[in-house]
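Below you'll find the structure, written out as structure tokens, and then a few comments.
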Protein chains: 2
Amino acid sequence: MSTSSTPPAPPPSNRISGTAISKEIRAELAVECSSIKSTVTPGLAVILVGSRPDSLAYVRMKKKACAEVGIDSFGYDYPETVTQQELIDKVNELNADPKVHGILVQLPLPNHIVENLVTSAVHPDKDVDGLHPLNCAKLVTAQTHGGSVKMNWKDLKSIPFHIACTPQGCIELLDRSGVEIEGKRAVVIGRSNLVGMPVSLLLNHRNATITIVHSRTIDAQSVVRTADIVIAAVGRAKMVKSDWLKEGAVVIDVGINSVDAPDTKKGYRLVGDVDFDECEGKCEKITPVPGGVGPMTIAMLLRNTVNSAKRVCGI
Amino acid sequence: MSTSSTPPAPPPSNRISGTAISKEIRAELAVECSSIKSTVTPGLAVILVGSRPDSLAYVRMKKKACAEVGIDSFGYDYPETVTQQELIDKVNELNADPKVHGILVQLPLPNHIVENLVTSAVHPDKDVDGLHPLNCAKLVTAQTHGGSVKMNWKDLKSIPFHIACTPQGCIELLDRSGVEIEGKRAVVIGRSNLVGMPVSLLLNHRNATITIVHSRTIDAQSVVRTADIVIAAVGRAKMVKSDWLKEGAVVIDVGINSVDAPDTKKGYRLVGDVDFDECEGKCEKITPVPGGVGPMTIAMLLRNTVNSAKRVCGI
Ligand SMILES: NC(=O)C1=CN([C@@H]2O[C@H](COP(=O)(O)OP(=O)(O)OC[C@H]3O[C@@H](n4cnc5c(N)ncnc54)[C@H](OP(=O)(O)O)[C@@H]3O)[C@@H](O)[C@H]2O)C=CC1
Ligand SMILES: NC(=O)C1=CN([C@@H]2O[C@H](COP(=O)(O)OP(=O)(O)OC[C@H]3O[C@@H](n4cnc5c(N)ncnc54)[C@H](OP(=O)(O)O)[C@@H]3O)[C@@H](O)[C@H]2O)C=CC1
């Protein structure tokens, strides 16, 4: 029986805090912006269409985060009735504007607009969302093509093209939590263009052996159980249970799902694709929802914008 | 004891014959070319640099195959000393030439030329090799992007952009051998831009659950053993042994490796990445080398060229 008067140290938490890590990154970016400010102030243009409350909230958060680190943000708000051509014209104008280093088109756009015609109009160098086909192609082909420059995938800041923010955030969470990726078995649940596919490609570049699970996978559970690293990007509340996991797995939960919570003021609560309470004890490390991947997405958007400005200025 | 005078039927072979299947496809293409000939004759331009014996042989085979199915082929041969700009100028000229529906730059190019600057100069619509970044991007992003047309991945002929020939040939071999891909576990060994990565993406589009094995994979053998379908695209003679395979796996062997064979006239023999003799008995189906994937690559090149001509003419 211990008689020591100091309380025992709390058990080391296995939670990966996206809140803390994104704060750290934003602080680094603020230092960076300040150190380059005699040469350039990074600028982000944000195009918003309509008044979806979630889109409004995201845009507000992004502009606020820009201001905090020292990025100029320029907002362009349009009514629901805007035409596709008006948006493309604005994108082209921003492509030519030297004060703008990143252009963000807040999705979704109204149904009468073909989304990828607008996002593809963004110049690849200003495509800080990393969704332009030429940026997607670079993520697949950068490594082995004849004449290509060898990339340093261990330092995503050094990659000379834009990588989608959420996937990039997942890798950054692993790196800053000391999780080794090389040689590991990684299972990604979900294969969307926005998350599942690009995060799989990034893990592959980092020499994990990747498996991609989707809605047509038979016995997803037994596939996931082979993983040292699990990335869940599905959109199904608490789908991944503790018996889906290998003991000691590292889990990055990208999912954001709203579930009824009559006991709360809002009447709903956000949960991930992973049953956190059930899984936490079995994991080596795990991200919570909220406070995991979410804040990283914005941090990576800021980083892409700063990198874009630096590349234009050759610094 | 059987007294029948007719000999027993040979056991059904589990070999997938690329020779036979590619012949079938070439015959179909010949019928197609003949049926469209009042409107268009598909044309393939072939750019060859230097005099590597393997490149000369490939180009000869490709031109011969074109002639057999009714595709015009146009050869442009350059000495080793050709400049990058001369090649790009020729590509641009061919991009504008309405008789040319496909442009093939035989690789490798000499070291003073940046390969992907030349291949990227080919207009995506004429990129019958499927190596242009915009065609690579479509292979990754075609399925879920906003506003994108839903592709019918079960009919590769219907896909409105060019897909790399060898990966496409692998899928065609599976389809024409009655192998179900949907819901299966597929392991691809190799992750090159030319074969491993695109074939993985195609299998994913067909709803297999894919795992990509590479040189940094730890215990590749036990990963491969989980596969219903194995695609080997490594370049290591007989690397895959029978104890790497699940009983009843289907194996597509892309590898072409030359091994010493002092007993033969040439002094060497071609073998695949799979130890065929050891593995044949354990597989549901398997491709031999040679006579497996090899002939399919040319058949898919012809098909891409015919499709390209048909798309230009809206047929
Ligand atoms: N934290 C953040 O900043 C962000 C969070 N998100 C969240 O991440 C989640 C995924 O987003 P996103 O990728 O855009 O979603 P999509 O709907 O585009 O993709 C979902 C993927 O999950 C797969 N899937 C669906 N059901 C199952 C199942 N039962 N088993 C296995 N796989 C399944 C789908 O397969 P199939 O292809 O076969 O249909 C699809 O590939 C969402 O909850 C979203 O809110 C997204 C972006 C940013
Ligand atoms: N039949 C046909 O028409 C064609 C045949 N081929 C043949 O296919 C083979 C592959 O070609 P290609 O993709 O261009 O070759 P590359 O050399 O570009 O790629 C080989 C791949 O194999 C991986 N690899 C190497 N060693 C191992 C290992 N020990 N275990 C697991 N993976 C390993 C490499 O991994 P890493 O990325 O880590 O280096 C790399 O991804 C060759 O034999 C080639 O001749 C190619 C094209 C057409």
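Labels below follow one simple rule: chain letters A, B, ... track the order of the sequence lines, proteins then strands, and each chain is numbered from 1.
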More than 12 heavy atoms of other groups within 6.0 Å of Tyr76(A) OH: yes
Distance (rounded to the nearest 0.5 Å) between Leu134(A) CG and Ser120(B) OG: 9.0 Å
Residues, nucleotides or ligands: over 12 heavy atoms within 6.0 Å of Tyr78(A) OH: yes
Nearest heavy-atom neighbours spanning Asn204(B) and Arg191(A): O-NH1, 2.8 Å
Heavy-atom closest contact (Asn193(B) atom, Val140(A) atom, distance): OD1-O, 3.3 Å
Considering all heavy atoms, the nearest Asn207(B)-His214(A) contact: O-CE1, 3.5 Å
Toward chain B, the part of Leu201(A) with a non-hydrogen atom under 4.5 Å: side chain
Smallest separation among heavy atoms of Ala137(B) and Ala137(A), with atom names: CB-CB, 4.0 Å
Minimum side-chain heavy-atom gap Thr211(A)-Thr209(B) below 4.5 Å: yes
Greater than 12 external heavy atoms within 6.0 Å of Lys241(B)'s NZ: yes
Heavy-atom proximity to chain B below 4.5 Å, by part of Ala220(A): neither
Evaluation steps, side-chain contact (heavy atoms from CB on, under 4.5 Å), between Arg185(B) and Ile218(A): CA-CA 9 Å; Arg185(B) 305 232 19 210; Ile218(A) 292 169; over 6 Å; no
Under 4.5 Å from any heavy atom of chain A - which part of Ala208(B): backbone
Heavy atoms from other residues, nucleotides or ligands near CG of Asn111(A) exceed 12 (cutoff 6.0 Å): no
Value rounded to 0.5 Å, distance of OG1 in Thr217(A) from CD in Glu182(B): 10.0 Å
Nearest-0.5 Å distance that lies between atom CZ in Arg216(A) and atom NZ in Lys184(B): 14.5 Å
